[in-house]
Amino acid sequence: MNIFSSIASMRTEVNHWHHHGKTIAFIPTMGNLHAGHLSLVDKAKCLADKTLVSIFVNPLQFGPTEDFATYPRTLEADQLLLEKHGVDALFCPSIEEMYPQAHHMGVQVTLPCIANDLCGKSRPGHFNGVATIVAKLFHITQPDIAIFGEKDYQQLCLIRQMVRDLNFPINIIGVPTVRETDGLAMSSRNQYLTSQERKIAPLLHTQLKWMADQIKAQSTNYDEFTELAIQSLKSYGFQVDYISIRACDTLNLPSSQDTHLAILGAARLGNTRLIDNILIHTNS
Ligand code: AMP
């Protein structure tokens, strides 16, 4: 696996691949890789000739009181994992390489207002920061395909929209969430959980699953059972940011015509913010 830290050397490799007619699948990450990230790698390897992963903890997408400084950085272990998984190239630039001027001083991508809802409500500016770095990485890596996890479902929807609206010639692929055996969605942030919190954490998924069962059983009292799920999580000690049922493609509140729904949730346990979602088709 070749490792690149400068934009110029990364571009040279990408140009070389294009010149030889190779297709490229790109996976942007913040590192501290786990089986969820590796499922994206596996998907990439099925879909393109070359698999390219980036690791960059992007300051622009963290709020001033968030965990940018403490976010787990494990570059050596990540390199070994990616090498073992047959990744062709790793792009791991420094902050100075990606933002030669202070990162908040440059041009940024501004997303439509759905970016200020759900996770965007409690993380102002987060998705614009994500979109800005992803747009930069797309320009540098020039992939045919880019792969994102459904775990960050709002992010996936917003990236799809950015690619559509800004005419990036890139096919965006979503990959289902990889979970621990007790249902907790794998996340680099799970390691912040205390052992007591770790036992409770899967209940977020349990409640979303329960809501999915209500919908499948034809219940249309969305507000009522959403509130029941919130109260149940609170009783276990979660501070609930939101639990919401949305139309899968737009993330707007669903109408009776919407048959493909996303049940999304975000909640804090102590210092850890957990997010999860379930995507379902209704029969109506
Ligand atoms: P991150 O390193 O957290 O920025 O995540 C990089 C990519 O991996 C994003 O597209 C995430 O949605 C995806 N990802 C993270 N956790 C999981 C998971 N448990 N299952 C599937 N994809 C994931």
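Counting starts at 1 for both ligands and their atoms, following the listed order. Here the structure is a predicted model, which means the values were calculated and not measured.
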Subject >> Pair listing, salt bridge (Lys or Arg N to Asp or Glu O under 4.0 Å) test, anchored in residues 239-250, at least two apart >> reply: Asp117-Arg246, Asp241-Arg273

Original post:
Any idea how Tyr71 and Phe62 line up, ring-wise: parallel (<30°), tilted (30 to 60°), or perpendicular (>60°)?
Top reply: perpendicular

Original post:
Would Leu82 end up clustered with Ile140 when hydrophobic side chains under 4.5 Å apart are linked, directly or stepwise?
Top reply: no

Subject >> Contacts of Asn32 that satisfy side chain to side chain donor-acceptor pair (under 3.5 Å) - sequence neighbours left out >> reply: Thr74, Gln191

**OP:** Kindly state each residue pair satisfying salt bridge (Lys or Arg N to Asp or Glu O under 4.0 Å) with at least one member in residues 179-198, sequence neighbours excluded.
**Re:** Asp67-Arg189, Arg179-Asp276, Asp182-Arg198

Subject >> Nearest atoms (heavy-atom pairs only) where Gly174 meets Leu156 >> reply: CA-CD2, 3.9 Å

Could you tell me, for ligand 1, which of its N or O atoms are under 3.5 Å from any protein N or O, listing the pairs and their distances rounded to 0.1 Å?
| residue | atom | partner | partner atom | Å |
| --- | --- | --- | --- | --- |
| ligand 1 | 2 (O) | Met30 | N | 2.9 |
| ligand 1 | 2 (O) | His37 | NE2 | 2.9 |
| ligand 1 | 5 (O) | His37 | NE2 | 3.4 |
| ligand 1 | 10 (O) | Gly149 | N | 2.9 |
| ligand 1 | 12 (O) | Gly149 | N | 3.2 |
| ligand 1 | 12 (O) | Gly149 | O | 3.3 |
| ligand 1 | 12 (O) | Asp152 | OD2 | 2.6 |
| ligand 1 | 16 (N) | Met186 | O | 3.4 |
| ligand 1 | 19 (N) | Val178 | O | 3.0 |
| ligand 1 | 19 (N) | Met186 | O | 2.9 |
| ligand 1 | 20 (N) | Val178 | N | 2.9 |

